[in-house]
Amino acid sequence: MVVVCALSSDPAAKIRWNEGGDNNATKKHCFLEHNDWWMSRMRRIVDGERWERRSSSKVSTEATKFFQLGTGKWSYMEEASVPGDSSLPPWSGRVLGLLASLWSPSLEELKLSFTWKQAADAWVLVRANVVAPVLQVAVALCMLMSVMLVSEKILMGAASLFAKLFRWRPQRRYKYHSMGEDMEVGYPMVLVQIPMYNEKQVYKLSIGAACGLSWPMDRIIIQVLDDSTDPEIKNLVELECKAWKSKGFNMKYEIRDNRHGYKAGALKEGMKHSYVGHCDFVAIFDADFQPEADFLMETVPFLIHNPDICLVQTRWKFVNSNECMITRIQEMSMDYHFKVEQESGSTMHSFFGFNGTAGVWRISALEEAGGWKDRTTVEDMDLAVRATLCGWKFVYLGNVKVKSELPSTLKAYRSQQFRWSCGPANLFRKIHKEILKTKKVSPRKKIYLIYSFFIIRRIISHTVTFMFYCVIIPASVFVPEIEVSTWGVVYIPTTITLLNSVGTPSSFHLLLFWIFFENVMSMHRLRAVWTGLFETGKVNEWVVTKKLGSKMNEQKTEEPHKQTRLSISGRILLPELGMALYLLACACYDLRYGKNNYFFYIYPQAITFFIVGIGYVGTLVPS
């Protein structure tokens, strides 16, 4: 039913209204007609609602029935019926009444006063009828995703524990003979690729480590793919390659005219050279990686004796993990990735994401999968998924470790994490149909790829971490109608945290720091996930992780690195500071009015957001 307000100068209008009384069956409503803005938006008024009068309110009894519209004329209701009209919720009438009293220009004449109590009453109505239902749905979704995430974590942990307790190592699952034991098999031709880009601090380390591999010199080709844009650095790398070539090593120094495709483009161009056709396998090392001398001796036999294996991935060992707090926290996350995620994937499915370095590929499998593609910023994961869709198997060797460097500055770490979060989401968008259509893998592996590998680990994990623990739970302190179950607030996150800590027991005392910092980074990662899923913004931007050569070069250089701080404008992160203020407000409100004591968690989380927001994390930045 629609009711229309009419203005009348006839005093009988007032009498007519009053005679109706509270017992009048006709529902009475009123709205402001003096304002064109209100007139165009408030034609549809709630059916069956009467303005609420409170004896304690300063609003007069007559004012609750009438709104004098600045002209001395009284407004009254005339009832009209409109077919097909749908009424608003009953509670909305009281809210609109409060808003109308706020906008009325003649409050003094009517002796109306819009008090804070009225505002509080309006908020209670909106909170109970709008905010609470929406927030309850969000809580239910996050709880569901949390259960999915913790189930996946438990499954991976169980598989990793099984492999360790029962010594279900690759040497037992696959045929394996060391190169020295099987003299009938000769040494295959191996290509070693080292892509680099302006790697002044580490280029000598990686080239020297590659030349130190224990492998016949006539059966190995070391290919340096230099995309450096700095002429000085490019000249240094070329001179280093010539120096090793003069010692008898088969060195190939390759450059390009452009950086199209970034790392994927460089690797793709490197595979086009004629001498690559003589090679059976290709080992890939980023510029900051230093393989041990026996690396090829430990990995290549799996490829020689098992024709269905296309990739052997090894573990990373971080030489600067104790440099600062940010590297300690990274070590905890990366150790979990290798010891649990990679190990469980290799044990259960013979599949995991290639890490882009410290691995050996079968060249024929690489070509069958379509070679390197630059359609995403995770060309390594792209290649791995395409290879497994062709039916190839992967092997992870946790006992073979390759030295590498962790980013020790916040800027470098954020760039790396954005690429690692945006790329998989974007790859899932582009390859999920291909996964569903392929007939070379079992339905079980398809489910694993789509559900576990992509949706749970690459999308849901970041979504739950930020939305549930940094947004929804803090917001619930303002809505007492919402109650989050203890198992969702305490038990599930505690289980996930403890499972993540098994990778690095020596850093268990840093667990709380890891929790708060990971929650802060989850906002950055979630933004990257959305960028990848919807292909917006910097979806294909590749920012090379800056290497400092920290603790990798034991010899002291003549000119030590001079380090300075970033400027304030380059250090301040406004989104993180905004979250810090939001969480601070939630914590203060919970401390004063709350009943769940969430402020014990929200206060330190707000402080962590603030510390990261002002850039007070990580080491100094090289000048």
Side-chain angles (χ1 to χ4, degrees), residues 89 91-92 94-95 116-117 119-151 153 456 459-498 500 511-512 514-527 529-530 575-613:
W91 55 268
S92 61
R94 291 191 293 273
V95 176
W116 282 109
K117 188 172 190 322
D121 291 342
W123 161 243
V124 169
L125 289 171
V126 175
R127 185 186 71 196
N129 294 277
V130 178
V131 179
V134 173
L135 197 59
Q136 190 64 62
V137 172
V139 169
L141 289 175
C142 286
M143 295 284 276
L144 175 61
M145 291 188 290
S146 297
V147 172
M148 296 165 64
L149 180 60
V150 74
S151 301
K153 295 276 188 182
I456 297 294
I459 299 176
I460 286 182
S461 61
H462 304 315
T463 303
V464 169
T465 304
F466 178 67
M467 295 302 299
F468 194 33
Y469 302 116
C470 297
V471 177
I472 294 176
I473 290 179
S476 68
V477 304
F478 297 111
V479 187
E481 294 85 353
I482 297 297
E483 288 189 8
V484 185
S485 301
T486 303
W487 61 270
V489 178
V490 179
Y491 300 144
I492 287 182
T494 300
T495 303
I496 293 175
T497 301
L498 292 177
N500 276 278
L511 206 54
L512 287 178
W514 178 85
I515 293 172
F516 293 126
F517 183 74
E518 283 296 297
N519 286 347
V520 173
M521 289 302 301
S522 67
M523 181 173 72
H524 185 65
R525 295 183 183 120
L526 183 58
R527 185 164 59 244
V529 168
W530 288 345
E576 279 73 8
L577 290 179
M579 278 300 302
L581 293 176
Y582 163 73
L583 292 172
L584 182 62
C586 294
C588 292
Y589 186 89
D590 186 58
L591 178 64
R592 178 64 179 84
Y593 303 104
K595 58 182 179 180
N596 295 316
N597 296 325
Y598 289 157
F599 64 88
F600 282 110
Y601 154 75
I602 301 177
Y603 269 129
Q605 187 64 75
I607 294 172
T608 308
F609 266 102
F610 178 76
I611 293 173
V612 175

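Remark: Val150 engages Ile154, Ile492, Thr495, Ile496 in a side chain to side chain contact (heavy atoms under 4.5 Å, CB included) (not counting sequence neighbours). Residues meeting the side chain to side chain contact (heavy atoms under 4.5 Å, CB included) test with Val490, sequence neighbours left out: Thr486, Thr494. Glu481 meets the side-chain hydrogen bond (donor to acceptor under 3.5 Å, both in side chains) test with Arg127; sequence neighbours excluded. The ring-ring contact (aromatic ring centres under 6.0 Å, His included) search around Phe600 returns none, not counting sequence neighbours. Here Leu141 pairs with Val137 under the side chain to side chain contact (heavy atoms under 4.5 Å, CB included) rule; sequence neighbours left out. With sequence neighbours excluded, the residues that form a side chain to side chain contact (heavy atoms under 4.5 Å, CB included) with Ala580 are Phe609, Phe610. Listed by chain and number, the residues in a side-chain hydrogen bond (donor to acceptor under 3.5 Å, both in side chains) with Trp514 are Ser333 (sequence neighbours excluded). Legend: residues meeting ring-ring contact (aromatic ring centres under 6.0 Å, His included) with Tyr603, ordered by chain and number and at least two apart, are absent.
The salt bridge (Lys or Arg N to Asp or Glu O under 4.0 Å) contacts involving residues 467-479 comprise nothing, where partners must be two or more places apart or lie in separate chains. Under the salt bridge (Lys or Arg N to Asp or Glu O under 4.0 Å) criterion, the residue pairs touching residues 591-600 are Glu483-Lys595, with sequence neighbours excluded. Contacts classified as side chain to side chain donor-acceptor pair (under 3.5 Å) and involving residues 134-151 (residues at least two apart or in different chains) are not found. Applying the ring-ring contact (aromatic ring centres under 6.0 Å, His included) rule to pairs touching residues 460-489 yields Phe478-Tyr589, sequence neighbours excluded.
Closest of all the heavy-atom pairs between Leu583 and Ala606 is CB-CB, 3.6 Å. The shortest non-hydrogen separation linking Gln605 to Val520 is NE2-CG2, 3.5 Å. Counting all heavy atoms, side chain and backbone alike, Pro474 lies closest to Cys586 at O-SG, 3.5 Å. For the pair Cys142 and Val464, the tightest heavy-atom approach, listed with the atom from each and the gap, is O-CG2, 4.3 Å. In plain terms, the two heavy atoms of Arg527 and Pro575 that are nearest each other are NH1-CB, 4.4 Å. Closest approach of Asp590 to Asn596, counting heavy atoms only: OD1-N, 4.3 Å.
How far OH of Tyr601 is from CD1 of Ile515: 9.0 Å, rounded to the nearest 0.5 Å. Remark: Leu581 CG to Met579 CE distance equals 10.0 Å, nearest 0.5 Å. Residue Ile459 holds its CD1 atom at 13.0 Å from CG of Leu149, rounded to the nearest 0.5 Å. A distance of 7.0 Å separates CG in Leu526 from CE in Met467, rounded to the nearest 0.5 Å.
Between Thr463 and Val529, the closest side-chain pair of non-hydrogen atoms is not below 4.5 Å. Between Trp123 and Leu125 the shortest side-chain heavy-atom distance does not fall below 4.5 Å. Here the side chains of Ile611 and Phe516 are not in contact, with every heavy-atom distance at 4.5 Å or above. Ile456 has its side chain out of reach of Met145: every pair of non-hydrogen atoms, C-beta onward, lies at least 4.5 Å apart. With a 4.5 Å cut-off on side-chain heavy atoms, Cys470 and Met523 do not count as touching. With contacts defined as side-chain heavy-atom distances shorter than 4.5 Å, the pair Cys588/Leu584 qualifies.
Shown are Leu135, Val139, Ile472; of these, the side-chain contact (heavy atoms from CB on, under 4.5 Å) with Val484 is made only by Val139.
Between the side chain of Tyr598 and the backbone N or O of Ala475, no donor-acceptor pair lies under 3.5 Å.
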